[in-house]
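Notes follow the structure.
Below, chain A is the first sequence line, B the second, and so on; all start at residue 1. Predicted, not measured: the structure shown is a model, and the values here were computed from it.
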Amino acid sequence: AQKVTQAQTEISVVEKEDVTLDCVYETRDTTYYLFWYKQPPSGELVFLIRRNSFDEQNEISGRYSWNFQKSTSSFNFTITASQVVDSAVYFCALSEAIGANSKLTFGKGITLSVRP
Amino acid sequence: EPEVTQTPSHQVTQMGQEVILRCVPISNHLYFYWYRQILGQKVEFLVSFYNNEISEKSEIFDDQFSVERPDGSNFTLKIRSTKLEDSAMYFCASWDRGTRETQYFGPGTRLLVL
């Protein structure tokens with residue numbers, strides 16, 4: 001069975017601080033996919049990134065970066081120079097397949113508050 | 001950019017009533033999903049649907065729930081006899097052949113059962 005753990009529940013930072021959101025996953029599959037979603041106060045789920053298990057390269061997109069470490073089953077997300085608009089709930093998710101059985105298993109989410 | 005749409009955005013119903021939540025997936029997508037999120041909690045998988053049948057369902061998806069693709073565009077979730085604990089945000093999602101980055105989520109329907 002697949003499982004995603006986001007041990008941090010709430011994080012509060014001051015604008016311009018860097019913040020890292022942790023994600024640890026469990027799966028028995030050798031091929032799997034990891035995701036991060038953002039849920040702003042308006043409630044929709046905004047896709048941020050997908051990572052394939054066979055691609056351990058870290059990724060940077062503007063102020064966002066992701067650190068995928070298979071050895072520790074972690075897929076952490078860092079926001080550099082945080083802004084108030086980054087305030088949201090962030091979910092890490094895992095899928096063990098692509099296609100018909102590709103359900104996403106979500107973590108409990110981390111509520112990030114960025115204060116001016 | 002094409003998007004998944006859901007109606008209604010909000011629904012209030014009395015316990016025991018039937019509700020139908022509607023979704024229009026992206027037109028060339030093949031895989032369809034329903035998820036729910038109880039207020040303040042994580043997003044939970046309910047059911048996946050492919051080739052006009054259920055591919056997988058979770059423990060939550062009991063006999064009170066059903067899904068249907070009545071025509072070429074809509075994908076519906078029916079709750080036969082709502083309970084208080086069915087109050088949640090329900091998200092529809094769709095995916096093409098998995099070649100795209102992710103499942104595309106709709107904006108959600110907030111269901112309140114009184």
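Around NZ of A:K108, the count of heavy atoms belonging to other residues, nucleotides or ligands within 6.0 Å does not exceed 12. The environment of CG in B:D71 is crowded: more than 12 heavy-atom neighbours from other residues, nucleotides or ligands sit within 6.0 Å. The local environment of CD in A:Q57 is sparse, with at most 12 non-hydrogen atoms from other residues, nucleotides or ligands closer than 6.0 Å. By the 6.0 Å contact criterion, CG on B:L39 is open, its count of non-hydrogen atoms from other residues, nucleotides or ligands being 12 or less. Annotation: A:K16, atom NZ; neighbour count of heavy atoms from other residues, nucleotides and ligands within 6.0 Å does not exceed 12. The number of heavy atoms from other shown groups lying within 6.0 Å of CG (B:L114) is above 12.
Taking OG from A:S95 and CH2 from B:W95, the interatomic distance works out to 5.0 Å, rounded to the nearest 0.5 Å. Rounding to the nearest 0.5 Å places NZ of A:K103 at 4.0 Å from CD of B:E56. Once rounded to the nearest 0.5 Å, the distance linking OG1 of A:T105 with CD of B:E44 reads 10.5 Å. How far CD of B:Q103 is from OH of A:Y37: 6.0 Å, rounded to the nearest 0.5 Å. Here the CD-CD distance, from A:Q39 to B:Q37, works out to 4.0 Å after rounding to the nearest 0.5 Å.
When the side chains of ILVMFWY residues are joined at heavy-atom separations under 4.5 Å, either directly or via intervening members, B:F61 and B:W34 end up in a single hydrophobic cluster.
When all heavy atoms of A:S102 and B:Y33 are compared, the closest pair comes out as OG-OH, 2.6 Å.
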* Check the pair B:F105, A:F47 against ring pair (Phe, Tyr, Trp, His ring centres under 6.0 Å), reporting the backbone distance first and the verdict last. => CA-CA 9 Å; B:F105 281 82; A:F47 165 72; 9.7 Å; no
* Asked: Could you go step by step and tell me if A:L104 and B:F45 meet the side-chain contact (heavy atoms from CB on, under 4.5 Å) rule?
  -> CA-CA 7 Å; A:L104 293 176; B:F45 168 76; over 6 Å; no
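Neither the backbone nor the side chain of B:F32 has a heavy atom closer than 4.5 Å to any heavy atom of chain A.
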